[in-house]
Amino acid sequence: MNRLLIAILALPAILTSSSASAQGGVIVGPGGAPAKAVGISERIFEPARNASKDIADGVKLAAKQHKRVILDVGGNWCPWCHKLDATFRTDAAIARILKDSYVVVRVNFSPENENREVLSRYPKIEGYPHLFVLDRKGKLLHSQDTGLLETGDHHDHDKVVTFLSKWAPEPRR
């Protein structure tokens, strides 16, 4: 069954869950030690955030730090979004690549805020989560269907590492 359909079917139960955390959709760089996994009832995306401003701020930070930007598009309603977030935070090798090479900007897509204007600047998204890789000037380099990074019921370590390594900026000389 399509991941989006599964997520839509699960939406009523998810929306009635209480939120135990308010990490929000701020620019995040998984720095520091890996954290515990976030449960589906916890918020990793913040519908009220200004995605356009967050992206602009992320691009500025990426330029300053010689990194790329990953737009992580999804919603709190999406089980696979939570799985990807957990992979980003709890897999030490993946967290290291993200910390060293990327500024991650979460862009909410939910009934509360679909961020249509912002997302209209990028290729069509077929399912969530979805990743866009931008250079340090904000130019789109790649659109990634995260279904291709999965194996069974999880995101595949090797596939995610390969993806992140391929799009990481060239090391400074």
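Owing to the predicted nature of the structure, the values given are computational and were not obtained by experimental measurement. Throughout, numbering of the chain's residues begins at 1 and tracks the sequence.
Within the 3.5 Å criterion, the main-chain N or O of Arg136 finds no donor-acceptor partner in the side chain of Lys60. The backbone N or O of Ile94 lies less than 3.5 Å from a partner atom in the side chain of Asp91, making a donor-acceptor pair. In this structure, Ser101 contributes its side chain and Leu98 its backbone to no donor-acceptor pair below 3.5 Å. With Arg43 contributing its side chain and Asn76 its backbone, the two residues share no donor-acceptor pair below 3.5 Å.
Between Val73 and Arg106, every side-chain heavy-atom pair lies at or beyond the 4.5 Å cut-off.
Between the CG atom in Asp158 and the CZ atom in Phe163 there is a gap of 15.0 Å [rounded to 0.5 Å]. In this structure, Trp77 CH2 and Glu112 CD are separated by 11.0 Å, a value rounded to the nearest 0.5 Å. Put simply, CZ on Phe132 and OG on Ser143 are 4.5 Å apart, with the number rounded to the nearest 0.5 Å. Atoms CG and CH2, from Asp135 and Trp167 in turn, are 10.5 Å apart once rounded to the nearest 0.5 Å. Atom CD1 of residue Ile55 and atom CZ of residue Arg121 lie 6.0 Å apart, to the nearest 0.5 angstrom. Annotation: the span from Glu170 atom CD to Arg68 atom CZ amounts to 7.5 Å, rounded to 0.5 Å.
Side chains of Thr87 and His154: a donor-acceptor N/O pair is absent below 3.5 angstrom, by distance only.
Classification of Asp153 and Lys83 as a salt-bridged pair fails, no side-chain N sitting under 4.0 Å from a carboxylate O.
Nearest heavy-atom pair, Asn113 versus Pro47, reported as atom, atom and distance to 0.1 Å: ND2-O, 2.8 Å. Taking every heavy atom of both residues into account, His130 and Gly127 meet most closely at CB-O, 3.7 Å. Residues Val69 and Gly58 approach most closely at CG2-O, 3.7 Å, considering heavy atoms. Taking each heavy atom of Asn115 and Ala51 in turn, the nearest pair found is OD1-CB, 3.5 Å.
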**Request:** Just do the side chain to side chain contact (heavy atoms under 4.5 Å, CB included) check on Glu150 and Asp156 with the steps written out, would you?
**Result:** CA-CA 5 Å; Glu150 298 167 9; Asp156 184 280; over 6 Å; no

**Request:** Output, in order, the C-alpha distance, side-chain angles, deciding distance and verdict of side chain to side chain contact (heavy atoms under 4.5 Å, CB included) for Val160 and Phe88.
**Result:** CA-CA 9 Å; Val160 175; Phe88 279 1; 4.3 Å; yes

**Message:** Would Phe45 and Cys81 count as a side chain to side chain contact (heavy atoms under 4.5 Å, CB included) here? Give the steps.
**Reply:** CA-CA 9 Å; Phe45 292 90; Cys81 297; 3.9 Å; yes

**Request:** Would you sort out whether Tyr128 and Phe109 count as a side chain to side chain contact (heavy atoms under 4.5 Å, CB included), showing the intermediate values?
**Result:** CA-CA 9 Å; Tyr128 297 91; Phe109 179 86; 3.6 Å; yes

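Checking each of Ile70, Leu149, Leu71, Leu164 against Gln144 for a side-chain contact (heavy atoms from CB on, under 4.5 Å) leaves exactly one that passes, namely Leu149. Checked against Asp72 for a side-chain contact (heavy atoms from CB on, under 4.5 Å), the options Asn108, Val107, Thr146, Val104 give a single hit: Val104.
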